[in-house]
K.L.:
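Below are the structure tokens for one structure; questions will follow.
Heavy atoms only: backbone and side chains are in, while hydrogens, waters and symmetry mates are out.
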Amino acid sequence: MAAHGKLRRERGLQAEYETQVKEMRWQLSEQLRCLELQGELRRELLQELAEFMRRRAEVELEYSRGLDKLAERFSGRGGRLGGSSREHQSFRKEPSLLSPLHCWAALLQQTRQQSRDSAALSEVLGGPLAQRLSHIAEDVGRIVKKSKDLEQQLQEELLEVVSELQTARKTYQAYHTESMNAEAKLREAERQEEKRAGRSGAAATASAAAAAATTTTTNATEAGPLRKTSLKKGSRLVEKRQAKFMEHKLKCTKARNDYLLSLASVNAAVSNYYLHDVLDLMDCCDTGFHLALGQVLRSYTAAESRTQASQMQGLGSLEEAVEALDPSGDRAKVLEVHAVAFCPPLRFDYQPHEGDEVAEIRVEVELRDEILPRAQNIQSRLDRQTIETEEVNKTLKATLQALLEVVALEDGDVLDSFQASPSTESLKSTSSDPGARQAGRRRGQQQETETFYIMKLQEYLSGRSILAKLQAKHEKLQEAIQRGDKEEREVSWTQYTQRKFQKSRQPRPTSQYNQKLFGGDMEKFIQSSGQPVPLVVESCIRFINLNGLQHEGIFRVSGAQPRISEIRDAFERGEDPLVEGCTAHDLDSVAGVLKLYFRSLEPPLFSPDLFGELLASAELEAMEDRVELVSRLLALLPGPVLVVLRYLFTFLNHLAQYSDENMMDPYNLAVCFGPTLLPVPAGQDPVALQGRVNQLVQTLILQPARVFPLLTLLPGPVYEKCMAPPSASCLGDTQPEGLAGENEPELEAGTPTQEDVPEGVVEAVACFAYTGRTAQELTFQRGDVLRLHERASGDWWRGECVGTGARGLIPHKYITLPGGTEKHLSQGSPAAGDLLSSPEGLLESVHRPEPCTPPGGPSGHRRHCLVPTSPERHVEVDKAVAQTMDSVFKELLGKTAARQGLGPAATNSPSSGARSPKPPGCSRLGKNKAS
């Protein structure tokens, strides 16, 4: 069975070798056929060119008349170049307006001269050039034939070497077989020798025992020599077979060595043939073809020039027109003629929103800590950008000069050939193979220089645009800072510090959540804490919005790890460490905390089940298709997760708008947040997939409004571009003292209805959505129209929602009043405002307060407030406030109606003044805060 298996293996190896040789023979025959086909194509091409030259010579005389007619036709008509526009017609009438048109006129004149010399050109085309092409065809055929013969010879040598390899292999196998047989015989002889040696020892022992007991007999004496002779014969047989084995083994080693050497030489020969010989043979087939063809075509162009020797006057005019080419002059003429299209548009004017009279950047005392560092950052960025732009401009000028030199050098070589070789015969020797290679290198160098020039031009234009924008911002900020310095002298810093201390919100008290914040499930945390956006996300984004939108390298530069851990532990305890105790120096640490929170979530924001589909959507080229698919996939995520993602990516989109200052464009932000938000699942290559992850995150940053659901479809907090500092008055956490608590009297008891005081009703618009925390607070959405009946305190109104009819307390900082109303209200009722906003006035209007702890704030913690113990006395105060404010509202509405041209009827009708404008921006919020 072993012999049969060995035979099958040998037959398999032999079949594999024969298949390999057969494939090699097929390849060699295909190579010969390809070379022959290439030679045939060249010969046909040359024959076609020769035929073309002869036909061109035949029609040259007729072509002379055609050229003359052609020149006359283009000279006498408006032509497509002129078109129908008035500007082009003026260019046609006065070719000197544009230097290229002047060249066109000179060219037409030269064409007329050329038509008179076409007869001489026909002789050159029909004679030397056609004959030269025929000679080239013969040369190509001859060289291809010799190259084919040489290749056949090389192929035969290669196949002969392969055949020798087969012979060496067979010889090696034969000697190896003999060596194996000799080794088997040697082992057999050694076994026989061992058997004889064993029997001889046993017989000797028996004979010795018999001799000791009896007399030695004659037979025992003869048995000893016979055994010794048998042992000697066995020994000689082993030695003989040992020598035979060593001889066959030596032969096998030599045959193996020869086989291995032959195998190495065959592989080297095959590799050398395929990698070098074939290429050299192809070059041999092309020897002189391209050079000769180029010389013929150059001779053709030289013949064309030589036939125009009598047209030097026309060529001189054309040369003068070419010398007069003026790019800058043409540019100025085009701009002058098309002034309407290229003149700069009108500057965009500031358009105030609904009566806002401020038309300049204001540096309030509260905003100096934000604006001054921003101005310094812009100044630093401006200095660096100026240096970078100047360096790029220097490189751009040097590159342009090098590019023009390369273009001029290539065109100069052609002109030099024409000037040095006026005859067609001498032109044949002007071109050489090294010259052609040099021209090819110059061509490649020109393309590389062009690419580098375009790249530097783009970089320079981008840098100059950034420089212009930064310069404009810097000038505006400097003007605002100078005005703010003058205003600052009028307001003492002590007053600002006291006001800031009064408005500062105390840090949130510690509280323990049911779910872990860092490293936990965000959806469960939101459900247990009642925070639609986790505090760490909202607070970090607000801090960066207030202090770090212009911070260079935000999210890219790492923060201090101890500071990051400190802020993280504070958030984990339920505190808000960013309300107080953090400065602009902690920006990188705050950004690190935000990334750490999203990176530590388990499970991550994006479900691992959607990872593959999301990456597939990032590969779509069209942005519309990509956004649509990503939007459908994100709709599969839970609603709370989508609210947080919408909040985050809207913020990142806003942050990328300051890339001129912070140098963090959408791609850079995607690189920072890609691994954080969308980690690559285990078992997949992060390096290969990270590019598509970054592209997906970049799409989310660029298109958050189209990718995520709208507020009407997915209610929840929405990121606002302009945020106020985290003070209680800004966020509506401070209820009117004496009005909050469960023991407060019913609202309807002290609230006059619309029928009671119709002339004092004012309609406002909600700038933010608000959810009431007690039964007395009114819940409304952003954009709702609210009807205000009276001012309950400095921070609260009593009123109702027009859409739902519900009544309650309305926070002042969440609404927008009609233009000028707030200013008049603040000036028209100082007594009422002081009465309710100051502690002394409050104590005069109510009895001794009792402490209570109603729920307050979105975070769910409780705070202390004062609740009146005498509802009747409190109602009297509200009525006094209402009577004081009624007169103010009447006067204000009358002035507003007169200014808008509505008349008295509109003033007396609250419904006529109701409207639903677009929800106001953050400038309105800042104005309310200042009031």
K.L.:
For the pair Arg65 and Glu62, find out whether any cationic side-chain nitrogen is under 4.0 Å from an anionic carboxylate oxygen.
P.N.:
no
K.L.:
Does the distance from a Lys or Arg side-chain N to an Asp or Glu carboxylate O, for Lys148 and Glu151, drop under 4.0 Å?
P.N.:
no
K.L.:
Report yes or no: does Thr111 contribute a side-chain atom to a donor-acceptor pair with the main-chain N or O of Leu107 at less than 3.5 Å?
P.N.:
yes
K.L.:
Tell me yes or no: between the side chains of Arg132 and Tyr300, is some donor less than 3.5 Å from an acceptor?
P.N.:
no
K.L.:
Using a 4.5 Å cut-off on heavy atoms from C-beta on, say whether the side chain of Leu325 contacts that of Cys103.
P.N.:
yes
K.L.:
Using the six-membered ring wherever Trp is involved, compare the ring planes of Phe74 and Trp104 and label them parallel, tilted or perpendicular (cut-offs 30° and 60°).
P.N.:
perpendicular
K.L.:
Do Thr171 and Asp258 come close enough that some side-chain heavy atom pair is under 4.5 Å?
P.N.:
no
K.L.:
Quick check: closest heavy atoms across Leu689 and Gln684, and the distance to 0.1 Å?
P.N.:
CD1-OE1, 3.0 Å
K.L.:
Might you work through the side-chain contact (heavy atoms from CB on, under 4.5 Å) test for Thr449 and Gln445, ending with a clear yes or no?
P.N.:
CA-CA 6 Å; Thr449 308; Gln445 181 183 0; 4.1 Å; yes
K.L.:
Taking CD in Glu16 as the centre, count heavy atoms belonging to other residues, nucleotides or ligands within less than 6.0 Å. Is the count above 12?
P.N.:
no
K.L.:
Just by distance, with hydrogens left out, do Tyr274 and Gln27 show a side-chain donor and acceptor under 3.5 Å apart?
P.N.:
yes
K.L.:
Would you say CE of Met24 has more than 12 non-hydrogen atoms from neighbouring residues, nucleotides or ligands within 6.0 angstrom?
P.N.:
yes
K.L.:
May I ask you to check whether Arg169 and Gln166 show a side-chain donor-acceptor distance below 3.5 Å?
P.N.:
yes
K.L.:
Between the main-chain N or O of Ala268 and the side-chain N or O of Ser271, is there a donor-acceptor pair closer than 3.5 Å?
P.N.:
no
K.L.:
Starting at CG of Leu400, measure out to CD of Glu405 and round the result to the nearest 0.5 Å.
P.N.:
10.0 Å
K.L.:
Looking at Gln657, I'd like to know if its CD atom is crowded, meaning that more than 12 non-hydrogen atoms belonging to other residues, nucleotides or ligands lie closer than 6.0 Å.
P.N.:
yes
K.L.:
Distance alone, cut at 3.5 Å: any donor-acceptor contact between the side chains of Tyr273 and Glu157?
P.N.:
no
K.L.:
Just wondering, do Arg55 and Val59 contact through their side chains at under 4.5 Å, heavy atoms?
P.N.:
no
K.L.:
With no hydrogens and no angle check, is any side-chain donor or acceptor of Thr389 less than 3.5 Å from a backbone partner on Gln385?
P.N.:
yes
K.L.:
Using 4.0 Å as the upper bound for N to carboxylate O, is an ion pair formed by Arg54 and Glu51?
P.N.:
yes
K.L.:
Any side-chain heavy atom of Val21 sitting closer than 4.5 Å to one from Val162?
P.N.:
yes
K.L.:
Could you verify whether a donor N or O on one side chain and an acceptor N or O on the other, from Asp326 and Ser328, lie under 3.5 Å apart?
P.N.:
yes
K.L.:
Does CD belonging to Glu36 count more than 12 external heavy atoms closer than 6.0 Å?
P.N.:
no
K.L.:
Taking atom CD of Gln458 and atom CG of Leu396, what is their separation to the nearest 0.5 Å?
P.N.:
12.0 Å
K.L.:
Should Val144 and Leu35 count as side-chain neighbours, where that means a heavy-atom distance under 4.5 Å?
P.N.:
no
K.L.:
Within the 3.5 Å criterion, strictly below it, is a donor on Glu391 or Tyr460 matched to an acceptor on the partner's side chain?
P.N.:
no
K.L.:
Tell me, with the steps shown, if Leu457 and Leu461 meet side-chain contact (heavy atoms from CB on, under 4.5 Å).
P.N.:
CA-CA 6 Å; Leu457 178 61; Leu461 296 179; 4.1 Å; yes
K.L.:
Quick check: does any side chain N or O of Ser465 sit under 3.5 Å from a backbone N or O of Ser462, one acting as donor and the other as acceptor?
P.N.:
no
K.L.:
Do NZ/NE/NH1/NH2 and the carboxylate oxygens of Asp149 and Lys146 come within less than 4.0 Å?
P.N.:
no
K.L.:
Counting N and O atoms only, with roles assigned by atom type, does the side chain of Ser659 sit under 3.5 Å from a partner on the main chain of Asp665, one being a donor and the other an acceptor?
P.N.:
no
K.L.:
Which distance, rounded to the nearest 0.5 Å, do you find between the NZ of Lys397 and the OG1 of Thr395?
P.N.:
11.0 Å
K.L.:
Output the distance between atom CG (Leu45) and atom CD1 (Ile136), rounded to the nearest 0.5 Å.
P.N.:
10.0 Å
K.L.:
Can you check side-chain contact (heavy atoms from CB on, under 4.5 Å) on Leu614 and Leu629, steps first, answer last?
P.N.:
CA-CA 8 Å; Leu614 288 172; Leu629 181 55; over 6 Å; no
K.L.:
Identify the heavy atoms of Leu133 and Ala50 that sit nearest to each other, and give their distance.
P.N.:
CD1-N, 3.3 Å
K.L.:
Say you draw a straight line from SG of Cys285 to CD1 of Ile143; how long is it, rounded to the nearest 0.5 Å?
P.N.:
8.5 Å
K.L.:
Step by step, work out the salt bridge (charged side-chain N to carboxylate O under 4.0 Å, His left out) result for Arg706 and Glu624.
P.N.:
CA-CA 10 Å; Arg706 300 171 58 189; Glu624 298 291 338; 2.5 Å; yes
K.L.:
Thr699 and Arg626: side-chain donor and acceptor closer than 3.5 Å?
P.N.:
yes
K.L.:
Look at Arg632 together with Glu628 and state whether they make a salt bridge at an N to O cut-off of under 4.0 Å.
P.N.:
yes
K.L.:
Within the 4.5 Å heavy-atom criterion, are Leu467 and Gln471 side-chain neighbours or not?
P.N.:
no
K.L.:
Nearest heavy-atom pair of Gly126 and Ala57: which atoms, and what distance?
P.N.:
N-CB, 3.4 Å
K.L.:
Can you see which heavy atom on Leu165 is nearest to which on Val266, and at what distance?
P.N.:
CB-CG2, 3.7 Å
K.L.:
Might you confirm whether atom CZ of Arg25 has over 12 heavy atoms from other residues, nucleotides or ligands at distances under 6.0 Å?
P.N.:
no
K.L.:
Any chance you could lay out the salt bridge (charged side-chain N to carboxylate O under 4.0 Å, His left out) test for Glu388 and Arg384, step after step, and finish with the verdict?
P.N.:
CA-CA 6 Å; Glu388 293 175 3; Arg384 292 197 305 271; 5.3 Å; no
K.L.:
Are Asn694 and Gln698 close enough that a side-chain donor and a side-chain acceptor fall under 3.5 Å?
P.N.:
no
K.L.:
Within this structure, what is the CG-CD distance for the pair Asn393 and Glu459, rounded to the nearest 0.5 Å?
P.N.:
11.5 Å
K.L.:
May I ask you to test the Gln695-Glu619 pair for a side-chain heavy-atom distance under 4.5 Å?
P.N.:
no
K.L.:
Quick one: closest heavy-atom pair of Val697 and Gly674, and the distance?
P.N.:
CG2-CA, 3.8 Å
K.L.:
Can you check side-chain contact (heavy atoms from CB on, under 4.5 Å) on Leu28 and Leu159, steps first, answer last?
P.N.:
CA-CA 10 Å; Leu28 296 178; Leu159 293 176; 4.0 Å; yes
K.L.:
State whether Phe289 and Arg42 meet the cation-pi test: NZ (Lys) or CZ (Arg) under 6.0 Å from the six-membered ring centroid, and within 45° of the perpendicular axis.
P.N.:
yes
K.L.:
Determine whether Thr451 and Met455 make a side-chain contact, defined as any pair of heavy atoms from C-beta on separated by less than 4.5 Å.
P.N.:
no
K.L.:
How close do Val406 and Arg442 get, counting heavy atoms only, and between which atoms?
P.N.:
CG1-O, 3.9 Å
